[in-house]
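Every heavy atom of this structure was used, including side-chain atoms; hydrogens, water molecules and symmetry mates were not. As the structure lists them, so they are numbered: ligands from 1, and atoms in each ligand from 1.
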Amino acid sequence: MRILAIESSCDDTAVAIVEDGWRVLVSKVASQEKIHARFGGVVPEVAAREHIQALYPLVDSVLRQAQLRPKDIDALAVTVGPGLLGSLMVGVNGASALAYLWKKPIIPVDHMKGHFYSAFLGEGRSPILPALALIVSGGHTELVLVRKHGDYQYLGGTIDDAAGEAFDKAARLLGLGYPGGPAISRAAGGGERVGSVVSLPRPMMDRKGLDMSFSGLKTALARQVGAYAKGQLAAEFQRAVVDVLVEKTMAAVKSLRPKSVILAGGVAANDFLRGELEQRLLAEGFPFFVAERKYCTDNAAMIGAAAYWEYRPGRKYEWYNAKVKI
Ligand code: KG4
Ligand code: ZN
């Protein structure tokens, strides 16, 4: 099954063609990063306008690069939420119009489930279910158990800021620019534990349960700005966030004993987090899956994968049924 997927929930316009839930024929992202960097964060109204400009030229260029025509596509898929209302509307309306014109089914996809399925992209990787997933993005930070396709159970997550949001705010405090995750990780260098002089708290890490909190960490960091070198502060901040994420994930893994563990979402592009979690899981004997970095941050290939795994033959996927759900 060949799916053309569209993702526009935040500030990236993305289009991809994915076969059978794992083979990416083409995946393109038109980033608005430079435009929003001027404001230090995403401006929703600006994002929606940029999506309008970018969407159809991107669909064209993806089809051309894949050397395919609309008749070669079996279905469309589109992110219906969660995300910015205006941004989502551009994607959903744009995709629905194509579904009408091309007479194709359109599969609505939840953005977070899209992140989950990023781990299924690429040859020879098919995480076995039940899978436990840590999904860490700019808007969400959650642990979910996926027993079978379409059956998601929320186990716990942040009670305030998302991990990616914490990275973005910390980077702003340190004057490192936007988006914050990659900037902090660059400033932190390897993120080694040796020689660390700064010490930040690990909020809620030793508490029972799977909830987390990251907003206090940012306040603690603010108090230390100026007292230490930026690189040291960035490294300790990254360590603190990663320690909490890894401890909570390991607690969930040990009690639920899933068949595989998935790391997904923009923050999953973080090398230190990938390395630390992989090491702990290998030591405990749990298979670990994380997408290539380019499929961790927002993209449409993951939406095409999710659509494939959630598609139910026999169900109606009419062009007028895809609705924004924030
Ligand atoms: O999944 P995503 O692209 O968009 C949302 O759905 O939110 O995630 C974006 C978030 C941003 O907060 C960004 O700072 C963070 O992911 N991020 C990272 C890294 N790359 C992106 N955080 C830590 N380290 C990175 N290398
Ligand atoms: Zn995302």
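Rounded to 10°, the angle that OD1 of Asp298 and NE2 of His111 form at the Zn ion (ligand 2) is 100°.
Here the protein heavy atom with the shortest distance to atom 6 (O) of ligand 1 is His111 NE2, 3.1 Å. Residue, atom and distance of the protein heavy atom nearest to atom 21 (C) of ligand 1 are Gly266 O, 3.4 Å. Among protein heavy atoms, the minimum distance from atom 4 (O) of ligand 1 is reached at Asp298 OD2, 3.1 Å. When hydrogens are left out, the protein atom nearest atom 11 (C) of ligand 1 is Asp168 OD2, 3.6 Å; that is the closest non-hydrogen contact. At the shortest separation from atom 10 (C) of ligand 1 among protein heavy atoms lies Gly138 N, 3.5 Å. Nearest non-hydrogen protein atom to atom 18 (C) of ligand 1 is Gly181 CA, 3.4 Å.
Heavy-atom proximity to Gly139, at under 4.0 Å, picks out these atoms of ligand 1: 7 (O).
Val18 has its side chain out of reach of Leu25: every pair of non-hydrogen atoms, C-beta onward, lies at least 4.5 Å apart.
The shortest separation from a heavy atom of Pro182 to ligand 1 is under 4.0 Å, placing the residue in contact.
When non-hydrogen atoms are compared, ligand 1 lies under 4.0 Å from the side chain of His115 (C-beta onward) but not from its backbone. Looking at Asn270 against ligand 1, both its backbone and its side chain come within 4.0 Å, counting heavy atoms.
Among the atoms of His115, an N, O or S atom falls under 2.8 Å from the Zn ion (ligand 2).
A distance below 6.0 Å separates the ring centres of Tyr117 and His149. The aromatic ring centroids of Tyr308 and Phe120 lie 6.0 Å or more from each other.
Using a 4.0 Å cut-off between a side-chain N of Lys or Arg and a carboxylate O of Asp or Glu, Glu292 and Arg125 do not qualify as a salt bridge.
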